[in-house]
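Working notes for the structure below.
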Amino acid sequence: SWIFIAVWEKVLEVGDYKKHQWVVKVDPDAVYFPDRLSRLLSKHDGAGYINNCKYGMHGPIEVFSSRAIDTLGADYKKSWDGKAPKTCVEKMHFGQWGEDMFI
């Protein structure tokens, strides 16, 4: 999970996500068709994320609103060094799980 924490920190630092309404995290071995997803997104206006599993967000594609990423950024700022989301580090035991456990 620490590598994902570092990656999301970089996403927040660069800030390009703010130019878009949605942020899509795609695993490198996933097949992704942006035009198909684009047609679905209009049905989810105002949502923070699109849940892709009845047990929570899992899998090779995760879709977040820019507002959700802003919320994550605010949690990073609450941590003592700004390098990890405070809630994740202090209140969750994510062990070997990926970022879908804290994001």
Side-chain angles (χ1 to χ4, degrees):
S1 287
W2 290 106
I3 188 67
F4 294 112
I5 288 172
V7 168
W8 282 109
E9 178 191 12
K10 193 60 151 177
V11 168
L12 291 161
E13 178 187 315
V14 172
D16 285 348
Y17 75 92
K18 294 179 182 183
K19 299 175 187 173
H20 308 280
Q21 186 177 0
W22 294 97
V23 176
V24 182
K25 195 277 299 172
V26 182
D27 287 356
D29 59 347
V31 176
Y32 168 57
F33 298 100
D35 58 320
R36 290 185 185 179
L37 179 60
S38 172
R39 291 190 296 252
L40 296 172
L41 292 177
S42 63
K43 298 176 188 174
H44 297 279
D45 274 347
Y49 63 94
I50 298 175
N51 194 3
N52 60 5
C53 175
K54 69 179 181 177
Y55 299 109
M57 193 175 291
H58 303 286
I61 298 175
E62 295 168 353
V63 182
F64 307 96
S65 70
S66 291
R67 191 181 75 239
I69 304 304
D70 287 339
T71 301
L72 178 65
D75 204 36
Y76 271 77
K77 288 178 183 173
K78 290 177 187 175
S79 68
W80 71 275
D81 64 355
K83 296 189 179 289
K86 181 177 177 159
T87 303
C88 168
V89 173
E90 291 184 2
K91 296 183 180 178
M92 299 179 77
H93 176 70
F94 52 81
Q96 298 298 314
W97 288 83
E99 89 281 14
D100 46 12
M101 277 300 283
F102 70 82
I103 203 151

Review point. Are more than 12 heavy atoms from other residues, nucleotides or ligands located less than 6.0 Å from atom CG of Leu40?
Key: yes
Practice item. If you link ILVMFWY side chains whenever their heavy atoms are less than 4.5 Å apart, which other residues fall into the same cluster as Trp80? By chain and number, please. Key: none
Check your understanding: Does the distance from a Lys or Arg side-chain N to an Asp or Glu carboxylate O, for Asp27 and Lys25, drop under 4.0 Å?
Key -> yes
Revision key, fill the gap. Between the OG1 atom in Thr87 and the NZ atom in Lys78, the distance rounded to the nearest 0.5 Å is 6.0 Å
**Study point:** Pair Arg67 + Asp70, salt bridge at N-O below 4.0 Å
**Key:** no
Check your understanding: Would you say Tyr76 and Glu9 make side-chain contact, with heavy atoms under 4.5 Å?
Key -> yes
Exercise for review: Output all residues satisfying salt bridge (Lys or Arg N to Asp or Glu O under 4.0 Å) with Lys86, sequence neighbours left out; order by chain, then residue number.
Suggested key: Glu90
Review point. Which residues pass the salt bridge (Lys or Arg N to Asp or Glu O under 4.0 Å) test with Asp29, sequence neighbours left out?
Key: none
Point to revise | Taking every non-hydrogen atom, the tightest pair across Ser79 and Ala84 | key: OG-O, 2.9 Å
Review point. Do the side chains of Tyr17 and Leu12 get nearer than 4.5 Å, heavy atoms only?
Key: yes
Review point. Heavy atoms, side chains only, cut-off 4.5 Å: are Val23 and Ser65 in contact?
Key: no
Exercise for review: Share the residues that join Leu41 in a hydrophobic cluster, the rule being Ile, Leu, Val, Met, Phe, Trp or Tyr side chains under 4.5 Å apart at the heavy-atom level.
Suggested key: Trp22, Val24, Val26, Tyr32, Leu37, Ile50, Ile61, Val63
Practice item. Measure the spacing between OG of Ser66 and CD of Gln21 and express it to the nearest 0.5 Å. Key: 7.5 Å
Check your understanding: Going from CG on Asp16 to NZ on Lys19, what distance comes out if it is rounded to the nearest 0.5 angstrom?
Key -> 4.0 Å
**Study point:** Residues which pass side-chain hydrogen bond (donor to acceptor under 3.5 Å, both in side chains) with Lys10, listed by chain and number, not counting sequence neighbours
**Key:** Glu13
Exercise for review: Among Ile, Leu, Val, Met, Phe, Trp and Tyr joined by side-chain contacts under 4.5 Å, find the other residues sharing a cluster with Val31 and list them by chain and number.
Suggested key: Phe33
